[in-house]
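One structure is given below, encoded as structure tokens.
Because the structure is a prediction, the values reported are computed rather than measured.
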Amino acid sequence: MKKENPRVNLKHLNVMAIMLILLIATSAFIYSPYVLLMALFAVITGVVLEVVFMKIRKRPYQINAGSVVTPLIFVTLMPPSLPLYMVVIGTFFGVFFGKMIFGGLGRNIFNPAVAAYLFILVTFPVDFAASFIDPLTGSALESVNLANSIFVGSADQLFGLLLGQYPNTVGATMVLLVWIFGAVLLFLKIADWRIPVSILLASAFFTAVFSNFYPDAFPNAFFALFQGQLMFIAFFVATDPITSPRTAKAKVLYGIGIAFITVVIRGFANAAEGVIYAVIIMNAIGPMLEPIEVVEEEQK
Amino acid sequence: MIEFTTFIQMIIAAVLINNVLLQSFLGIEVIEENVPSPKEIFKLLLALVISVPFASGLGYVVYHQVLFSMNELGEVTRDLTYFMTLISVVIVVIVMLTVAQLIKKVFPKVHELHVNYTNQLITTSLVLGSVLIIVASAQTLLESVLLGVFISIGYGLVLMFLTLIERQLVDAPVLKGFRGLPLRLIILAIIALIVSGFSG
């Protein structure tokens, strides 16, 4: 019988799940309790799907943090008023096609929540864009550019971003909270510091370089770090031990690659948020950054 | 001459956004049994980078300089697209056989693998489909040749992604019914979602 994947640590997943729940609860306070309903539907869908799948395969199954983390991350990537049927469909896609198909927890190649995000974005682009809410007024917004360049560098804007006064997805609205929880993840060594640090530093660097040539398309390099989902992705998604590289050098390259692709897509493409695409692209490229012996050793 | 910005857009469109394998499933036959190894992909790519631009350039000339001109003169009354499809098949066969002989003389080490794939490529949709797509979209002969090169590179890139991903799934407990082509198609679908981000 194949041994369990050594990179799956249930204790770490427990802590991650708690933090995600707290993030979602904060977002529910900022926007509305509907966010909690989204999380509930996502978790139920994910758990039921895994139980049914494992029963079909006639394998023993235990509900643990590994079953709820993917649905919770998916909800944190979604706008706060996404219709519930889309939450269910997205969770189904992410859990089934992103995780179970590849063999279950620890075997997935792509981050399942990110795959689910892309599926919802491509399948329901109009509804996705129309599901954002202004956190200050509570009114629905027709569309939001998560990485727009209106931020000119005032302290008010910075505090607004930190305290969740600008519209964003569920998990990324309050940047200050993302920082706090991100710091906890690094302190507890649940997340490797190399990945978020390389992402953020490289993002600032590339934004600064590109803004010299295309000032209209690229914002202030410092503020670019606080916009969109970059902070949240850097701490909570890119650091996923299953889909990120194993060696230290590869992790730094992985972070730099995410940063570069993010900056390019944000500046030149019409995508709502480049970091999502960057993460999943680097999930696919990640193994190329490591010596083949490292990959083969883990497969033994 | 093509402007630099247009050139970059052409590369991104041909390699990623309008990738023939992801968007049109052209050349899917190559991965039906198993995914080629990186070395085999490289050799296949070499064959494609020679064949597809040649075929698409020739197709462009035939379509625009011969068929289109004849149509304007009123000598060809049938639908040009129908004719182009038929003629493209002939062009592809001629090109592939010519390229095979060329590779045999110039790159003998590549020849053995190329022969294995030549018959497959002649009968597959990849080269033929690429020629038809390029002829319909290219504005100039240079553009048609360059598109042929980038389409080949895009195809090879996706195959390489597929190989790298399959390597990681060697001992994974994948459901029996999903092993092989179904799993590859799912991976291709996820990669297609990924490249959709580069549109615009």
Heavy-atom side-chain proximity of [X] to [Y] below 4.5 angstrom:
X: B:Ile190; Y: A:Ile280; result: yes
X: A:Phe102; Y: B:Ile187; result: yes
X: B:Phe161; Y: A:Ile285; result: yes

- Honestly, the part of B:Leu175 sitting under 4.5 Å from a heavy atom of chain A is both
- In this structure, are over 12 heavy atoms from other groups packed under 6.0 Å from A:Phe53 atom CZ? yes
- Query: So which pairs with a foot in residues 47-61 of chain B pass salt bridge (charged side-chain N to carboxylate O under 4.0 Å, His left out), sequence neighbours left out?
  - Reply: none
- Message: Please classify the contact between A:Phe93 and chain B as side chain, backbone, both or neither, with a heavy-atom cut-off of under 4.5 Å.
- Response: side chain
- Task: Counting only heavy atoms closer than 4.5 Å, note whether A:Ile101 contacts chain B via side chain, backbone, both or neither.
- Result: both
- To the nearest 0.5 Å, tell me how far A:Ile109 CD1 sits from B:Ile186 CD1. 12.5 Å
- Task: Supply the atom-to-atom distance A:Asn283 CG to B:Ile165 CD1, rounded to the nearest 0.5 angstrom.
- Result: 9.5 Å
